[in-house]
**Q** 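First the structure, which I've put down as structure tokens, then a few questions once you've had a look.
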Amino acid sequence: MAFILAAKHGEMQNSVISIATGQGDLTIGEGSCTIIAGPCAVESREAYLEIALLLKDTGVHILRGGAYKPRTSPYSFAGLGLEGLKILAEARELTGLPVVTEVLDPRDLDNVACYSDMVQVGSRNMQNFTLLREVGRCRRPVVLKRGLASTIEEWLLAAEYILDAGNEQVILCERGIRTFEQMTRNTVDIGAVALIKELSHLPVLVDPSHATGRRSLVAPVARAAIAAGADGLMIEVHQRPDEALSDGAQSLTPEGFEALAHDIGRLARLSGKEFI
Ligand code: PEP
Ligand code: MN
């Protein structure tokens, strides 16, 4: 295999990534089940602080929300940019929870890394090699989503770019791939999760929201992901999904999320993982 730093060699231990929080260190990887949740985008200060407070104490470990949104149409809402990053930082102060957000452009990386705890490289940028090298130079953990039409080897080689640039804190995230299937937004590759666990020491999450595009499928796919060995989940939640500026159809309500997080906690403990 052409990936070296991302590969698991012999009896090597799986990587564990730590994030400092107000309540001590949060660990992602071996032995833990980590849930990232929040709306697709930071839509306004009021709406984001509202959902952050609704989610606090419902089983979420890390808050999400896009300030820079990759949109298929240039006319769609593309996020609040720097203002969105400041709102995320405010939500972190308010809840004590770490935050993750996507970086689209290397020119925004310093700000993204300054206002958030973890940086996300989205599916559409999985092979943006300039961006991969830049996040490889930053000191934040990086969530690397699988490209929408990428093989597992290409995905691990994308992780290799970040590792090779000096950042060892890489977390993979399966978010579904494009296939001939039209009834779901993407086709979730649960087998990839199990294979990554064999091939690599890096933690792997599953995003059942983008993987399915349908609210009703989020919980079953989330449970399947944990059963297959995923180290956690990334889930979109919106307080009023019908009014969401993006991805409302796949967003859970806070109540739906709380019920799912409860189930995931039980499953995680059954698999010998810690779930606080
Ligand atoms: C997201 O998580 O907001 C997102 C855009 O996901 P993806 O890159 O997987 O499409
Ligand atoms: Mn989304």
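Computation of the quantities below employed the complete heavy-atom set of this structure, encompassing side-chain atoms and omitting hydrogens, waters and symmetry-equivalent molecules. In each ligand, atom 1 is the first atom listed, and ligand 1 is the first ligand listed.
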**Q** I'd like to know whether CZ of Arg137 has more than 12 heavy-atom contacts from other residues, nucleotides or ligands below 6.0 angstrom.
**A** yes
**Q** Please check if atom CE in Met12 has more than 12 non-hydrogen atoms from other residues, nucleotides or ligands closer than 6.0 Å.
**A** yes
**Q** Identify the closest protein heavy atom to atom 4 (C) of ligand 1: which residue and atom is it, and at what distance?
**A** His210 NE2, 3.6 Å
**Q** Suppose we screen for salt bridge (charged side-chain N to carboxylate O under 4.0 Å, His left out). Which residues come up paired with Asp108, at least two apart in sequence or across chains?
**A** none
**Q** Hey, are the side chains of Arg133 and Asp164 touching, using non-hydrogen atoms and a 4.5 Å cut-off?
**A** yes
**Q** I need the nearest protein heavy-atom contact for atom 5 (C) of ligand 1: residue, atom name and distance, please.
**A** Glu102 OE1, 3.7 Å
**Q** Check ligand 1 against Arg124 and write out every atom of the ligand that is under 4.0 Å from a heavy-atom position of the residue.
**A** 7 (P), 8 (O), 10 (O)
**Q** Give a yes or no on whether the backbone of Val170 and the side-chain of Glu168 come within a donor-acceptor separation of less than 3.5 Å.
**A** no
**Q** Closest non-hydrogen protein atom to atom 9 (O) of ligand 1, residue and atom name please, with distance?
**A** Arg175 NE, 2.6 Å
**Q** List for me each residue that meets salt bridge (charged side-chain N to carboxylate O under 4.0 Å, His left out) alongside Arg45, sequence neighbours excluded, and say none if there are none.
**A** Glu90
**Q** Can you name the salt bridge (charged side-chain N to carboxylate O under 4.0 Å, His left out) partners of Glu11, sequence neighbours left out?
**A** none
**Q** What about Phe275 and His262, are their ring centers closer than 6.0 Å?
**A** no
**Q** At less than 4.0 angstrom from any non-hydrogen atom of Gln120, what atoms of ligand 1 do you find?
**A** 1 (C), 2 (O)
**Q** Answer yes or no: does atom CD of Glu46 have more than 12 heavy-atom neighbours from other residues, nucleotides or ligands under 6.0 Å?
**A** no
**Q** Which residue supplies the protein heavy atom nearest to atom 8 (O) of ligand 1, what is that atom called, and how far is it?
**A** Ser123 N, 2.7 Å
**Q** Give every protein N, O or S atom lying under 2.8 Å from the Mn ion (ligand 2), naming each by residue and atom.
**A** Cys40 SG, His210 NE2, Glu236 OE2, Asp247 OD2
**Q** Just jot down the ligand 1 atoms closer than 4.0 angstrom to any heavy atom of Gly122, in number order.
**A** 8 (O)
**Q** So do the side chains of Lys145 and Met234 get within less than 4.5 Å of each other, counting heavy atoms only?
**A** yes
**Q** How far is atom 6 (O) of ligand 1 from its nearest protein heavy atom, and which residue and atom is that?
**A** Lys145 NZ, 3.0 Å
